Number of protein chains: 2
Amino acid sequence: MPTPPESSGQATEATTPTDASSASSSDALPTVKAIYTDGACSGNPGPGGWGTVLYFDDGSVHELGGRADQTTNNRMEMQAAIAGLQALIATGQTTPVELFTDSEYVKKGITQWISGWKRRDWQTSAKKPVLNKDLWQELDTVNQAAKQQTGAPIQWTYVRGHTGNVGNERCDEIARAFSQNQTISLKQHPQARHLNA
Amino acid sequence: MPTPPESSGQATEATTPTDASSASSSDALPTVKAIYTDGACSGNPGPGGWGTVLYFDDGSVHELGGRADQTTNNRMEMQAAIAGLQALIATGQTTPVELFTDSEYVKKGITQWISGWKRRDWQTSAKKPVLNKDLWQELDTVNQAAKQQTGAPIQWTYVRGHTGNVGNERCDEIARAFSQNQTISLKQHPQARHLNA
RNA sequence: GGACACCGUUUAUC
DNA sequence: GATAAACGGTGTCC
């Protein structure tokens, strides 16, 4: 089983169902209703992983994950969101989506703080350089592209971590598995294989 | 364990080694090479603490700390420096010393700004009264006395805070402990007990 | 306008 | 216990 490449949206060990149970035999993808994301990092900084799950309106799901050898918790949280939005964009979907994260850093960063950072040329309110600027810009790009394509801004929703939320727990599982280089079976939508970056 | 008195150079809970390991059995103090200082203040203004470490040329150290119920960060930074120079003077040492602080306020205040303040009768360049004049005058006095005694001006050196500098980090620990009224063991040089004001 | 420091808060990751 | 990051504020000076 190949290890997923560094820090890229990548699916490992798809369950390869013999047939799509809920998607009938059509080639059309169901609609993405929700995206869950989470990041993990052993040591922080240290080896990290991220997990993302797309929930479709027919009840099916598509799971993604990735890793980085040396990273931080916050970067992995961002990567998870970037991968989710990239996959969403790849579906060509034109209806709005809600994205769930347990990171206030990611949620507030993309919805509140980023406008100030642009205004101040990527300086924090304390006049220090904004960290993870590369990923913030990437996230900003896909966030705007998703808004454009779906006709509505991504609805960013914070969910408290480790409180039993099924979507969040599953992403946590995926993220942690990738961060520890463990193999994990990702549920992959048969009509969504092309979403794996 | 008694709480140290308000705002005085005071040692708590000396390690009371059975013997001075590196100072042999002589009564002579080793030479102070460096003095580190730091201040802390919960709330700012609020309860504050300061920490000072004298580093001797034989590798031994002598630590000091103190607190104030209601003060500011800058006053505590100044107190730490005053205590360090008072202790230096008490040793009777006649060789030059370097003093490290992470406060540009203290460093520039004593090395650059104070001459202008005296010239302008303790008015800032904006014609407002210089604050903390009491401590500036005290610091000026010990700074000059130390220069006189050691034969060279104190070398005031700025060190960036929280960047892993061992001396600075230790002073930070002491200052914060005193500001929060926590007990902390100060390493005390056996031949330097009299340095505790 | 600039600089340094000192806090307070929040979430996550270990 | 510690790190990763952001926000808000004060203490002080030039």
Side-chain angles (χ1 to χ4, degrees), chain A residues 37-50 70-78 80-81 101-117 120 122-133 135-136 158-163 168 171-172 175-176 179-180, chain B residues 37-50 70-78 80-81 101-114 116-117 120 122-133 135-136 158-164 168 171-172 175-176 179-180:
Chain A
T37 67
D38 193 28
C41 187
S42 315
N44 194 29
W50 57 265
Q70 180 67 18
T71 188
T72 67
N73 64 326
N74 290 333
R75 288 185 71 84
M76 288 297 94
E77 301 275 6
M78 297 175 78
T101 175
D102 64 15
S103 169
E104 290 271 30
Y105 175 68
V106 171
K107 190 215 162 170
K108 292 189 173 168
I110 197 63
T111 61
Q112 304 177 214
W113 303 336
I114 199 171
S115 60
W117 296 337
R120 290 188 300 264
W122 295 92
Q123 303 290 304
T124 69
S125 66
K127 320 236 193 221
K128 312 247 270 188
V130 172
L131 300 186
N132 304 321
K133 177 183 167 188
L135 292 183
W136 283 120
Y158 163 72
V159 284
R160 172 148 239 127
H162 311 291
T163 50
N168 177 258
C171 291
D172 183 67
R176 193 163 5 235
S179 80
Q180 298 167 188
Chain B
T37 68
D38 194 29
C41 185
S42 317
N44 193 32
W50 56 265
Q70 178 68 18
T71 186
T72 67
N73 66 324
N74 290 331
R75 289 185 68 84
M76 289 295 95
E77 301 273 7
M78 298 175 78
T101 175
D102 64 16
S103 169
E104 291 272 29
Y105 175 69
V106 170
K107 191 217 160 167
K108 292 188 173 168
I110 196 64
T111 60
Q112 306 177 215
W113 303 336
I114 199 172
W117 296 338
R120 291 188 299 267
W122 295 92
Q123 303 291 305
T124 69
S125 67
K127 321 261 192 206
K128 314 244 272 186
V130 172
L131 301 186
N132 304 321
K133 177 183 167 188
L135 292 184
W136 283 120
Y158 163 72
V159 284
R160 173 146 242 129
H162 307 115
T163 51
N168 178 258
C171 291
D172 183 68
R176 197 168 357 240
S179 81
Q180 297 167 185

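All values below were derived from every heavy atom in this structure, side-chain atoms included, with hydrogens, water molecules and symmetry-related copies excluded. Within every chain, numbering begins at 1; the chains are lettered A, B, ... in the order of the sequence lines, protein sequences first and strands thereafter. In this text the structure is predicted, and so the values were computed from the model without any measurement.
Across all strands, A:K127 comes closer than 4.0 Å only to sugar-phosphate atoms, never to a base (heavy-atom distances). As judged by a 4.0 angstrom heavy-atom cut-off over every strand, B:G46 is placed among residues making no nucleic acid contact. Contacts of B:G39 with the nucleic acid, taken as non-hydrogen atoms under 4.0 Å apart, involve only primed sugar atoms and P, OP1 or OP2.
Distance A:Q112 CD to D:dA5 C1': 14 Å, rounded to the nearest Å. D:dC7 atom P lies 14 Å from atom CD1 of A:I110, rounded to whole Å.
Here the straight-line distance linking atom OH of B:Y105 with atom CG of B:N74 works out to 5.0 Å at 0.5 Å rounding. The CD atom of B:Q70 sits 11.0 Å away from atom CZ of B:R75, with the distance rounded to the nearest 0.5 Å. Atom CE of A:M76 sits about 3.5 Å away from atom OG1 of A:T71, to the nearest 0.5 Å. Remark: B:W136 CH2 to B:M78 CE distance equals 4.0 Å, nearest 0.5 Å.
Listed for the A:N73 side chain is no donor-acceptor partner under 3.5 Å among the backbone atoms of A:N44. Remark: side-chain polar atoms of A:S42 are not paired, donor with acceptor, to backbone N or O of A:G46 under 3.5 angstrom.
Ring orientation note: the planes of B:W117 and B:W122 are tilted relative to one another, at an angle of 30° to 60°.
Protein chain A contacts RNA chain C over a range whose 5' and 3' limits, counting nucleotides with an atom under 4.0 angstrom from a non-hydrogen atom, are C:G2 to C:C14.
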Can you build the contact string for nucleotides 9-14 of chain D? Use B for base contact, S for sugar-phosphate-only contact, and - for no protein heavy atom under 4.0 Å. -BBSSS
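When each of B:E77 and A:C41 is assigned the nucleotide of RNA chain C bearing its nearest heavy atom, the one mapping closer to the 5' terminus is B:E77.
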B:D38 vs B:R176, side chain to side chain contact (heavy atoms under 4.5 Å, CB included): CA-CA, chis, key distance, verdict: CA-CA 9 Å; B:D38 194 29; B:R176 197 168 357 240; over 6 Å; no
